[in-house]
Amino acid sequence: MCGIIGIVGTQPVADRLVDGLRRMEYRGYDSAGICTLHDGQLVRRRAQGKLANLVTEVAANPASGTSGIAHTRWATHGAPTQNNAHPHATGEVALVHNGIIENFRSLRQELEARGRVFESETDTEVVAHLVSEQVEAGKSPQDAVKAVLPQLRGAFALAIAFRQHPDLLIGARLGSPLVVGYGEGETFLGSDALALAPLTQKISYLEEGDWVVITRDGATIYDADNQLVEREITISGASAVAIEKGNYRHFMQKEIFEQPTVVAQTLSSYVRPLEQKVALPQIDFDISAINRVTIVACGTSYYAGMVAKYWFEQFARVPVDIDFASEFRYREPVLEKGGLALFISQSGETADTLAALRHCKAEGQTIAVVVNVPTSSMAREADLLLPTHAGPEIGVASTKAFTCQLAVLAALAAHFAARKGRIDAAEEAEIVRYLLEAPACLNGALQHDDEIAAMAHLIAPARDVLYLGRGPDFPLALEGALKLKEISYIHAEGYAAGEMKHGPIALIDEAVPVIVLAPSGPLFEKTVSNMQEVRARGGQIVLISDAQGLEEAGEGCMATIEMPKVHPLIAPLVYAVPVQLLAYHTACVKGTDVDQPRNLAKSVTVE
Ligand code: HGA
């Protein structure tokens, strides 16, 4: 998703702006641009496509100046062309924007009626014109911004440069993240601390409605009521070292292989092996009084939440509702008093999920979040922060964040169960033992990489692929299908194995590979029956199971993948590996852009 960076500095900024954008490349984008302030001019360079195109443009037409703003754009309004790329500029101001100005149509009509001429199809450009109008009428940058912000509806993080004021930039945030960084005689704006890490570790997180004036001497921050406010300066732990792929071909591959380590790292915060207990961070509310859990998330995090629903209901006997964040607020959900609302997001900034969190907070729910960025908006607004320790995830298709989310959610479900008296000490110890086995089992699953790479050649020619699973492996079928769609662009569907016969079985023919996730265990026989129904109609099966499952049902399959024998509790973590690897290798066979697949963005900060 869009990345923003702004520098008021003492050295030429163009290269540093581009470097900052490079650190945000992993978010996914389709055009990029910079604007520096030099000699009373707004010097703008923009390019469609990858950052390399912007680098070429800047090399051919250098942009001097010691202050400037920069942006990677993931288009929401208007095609990803050079014209629609940010910064957007008028005579007096240039600005970059992350978010959506929802009332841009009416604002644009009014501006056009006043004679303003637009050069792009974006929602963003209205803000440039509105601020410019104020400046042209003689207002200071501060007064211009103060007059415009209340006119904007929707979500925004903005960085604004003023032609006649090369020594300052103004930033503002509502709904989209923005941080201020403090350097030596230089001050910065950025979408997150990671983007600013090579420039400074000293960071203030702007709060909702804040706007800020940055100069070389520091920052002056105002809240939504234009009152001067102080925002704490924290020392960010984000590493300045560029994250490298090492010996791996793609970040996604590296992240798949990191899973045993990062799941172990995550579990070390949630279980006490010697006492054989689950251990959560300090909780300031009575967990045993929680009578309902509402889980809200998007994409892969949503599937982690679906798995967690099985665990919460099975172990703690607490009823669980789960919803896509983008649907949740708009269906007028009934939230009973005493409920826990649980939000899952890798970035902790996902706009739909954050909006749902705020809705639940206003409705008096206790808020818990599972996030990979402990300084994110969701983390800061939660009553209970449950961080995953996956480390930065660069591949747009989430892998290690998913298995770490599952590890945290399993521990949380067990903790609930223990506090509610649904499991005794021996059962809790057993759950802890299974969880601690997960990293080794993930390692076992990764040993099948070569086999799966070979198998990908069978999947790559397919136009459609089906994934089947039952119980907690049903969300894994959905996740497998999502991974394949995201990075190989093959149409795929996940289905509850038993649901096939109620419709989708009509799709089966020899050209549709069907991937069946069926660890041996209580649900195995039923899943295998559904698999036989598919096979009887010519379906080509890839069965993913353990040695016992393959022995019983592997005959006649197009291919099989053997997983270690694991307890059903940790099966969703372990079975995530083969579906990730299958999607990864299929995408490699197809030659797609694995780490930055077309049209996708990471950290989706627009609704
Ligand atoms: N709406 C703006 C910015 C989009 C955005 O924030 N993407 O992450 C545009 O379409 O240019």
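Atoms within each ligand, like the ligands themselves, are counted from 1 in listed order.
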Identified side chain to side chain donor-acceptor pair (under 3.5 Å) partner of Glu112 from the options Arg116, Arg108, Gln109: Arg108
Lys50 (side chain) donor-acceptor with Asp30 (main chain) under 3.5 angstrom: no
Atoms in ligand 1 with a heavy atom of His97 nearer than 4.0 Å: 3 (C)
Within-shell test, Arg27 vs ligand 1, heavy atom, strictly < 4.0 Å: no
Under-4.0 Å heavy-atom contact with ligand 1, by part of Asp123 that carries it: side chain
Ligand 1-proximal atoms of Thr124, by part, heavy-atom distance under 4.0 Å: side chain
Within-shell test, Gly99 vs ligand 1, heavy atom, strictly < 4.0 Å: yes
Any N/O pair Cys2/ligand 1 closer than 3.5 Å: yes
Ring geometry between Tyr584 and His250 (parallel below 30°, tilted from 30 to 60°, perpendicular above 60°): perpendicular
Pairs meeting criterion salt bridge (charged side-chain N to carboxylate O under 4.0 Å, His left out) with involvement of residues 228-238, two or more places apart: Glu207-Arg231, Asp210-Arg231
Ligand 1 N/O within reach of Asn84 N/O, cut-off under 3.5 Å: no
Quiz item: cation-pi between Arg173 and Phe156, 6.0 Å / 45°: no
Trace of the side chain to side chain donor-acceptor pair (under 3.5 Å) decision for Gln346 with Ser301: CA-CA 7 Å; Gln346 190 281 129; Ser301 299; over 6 Å; no
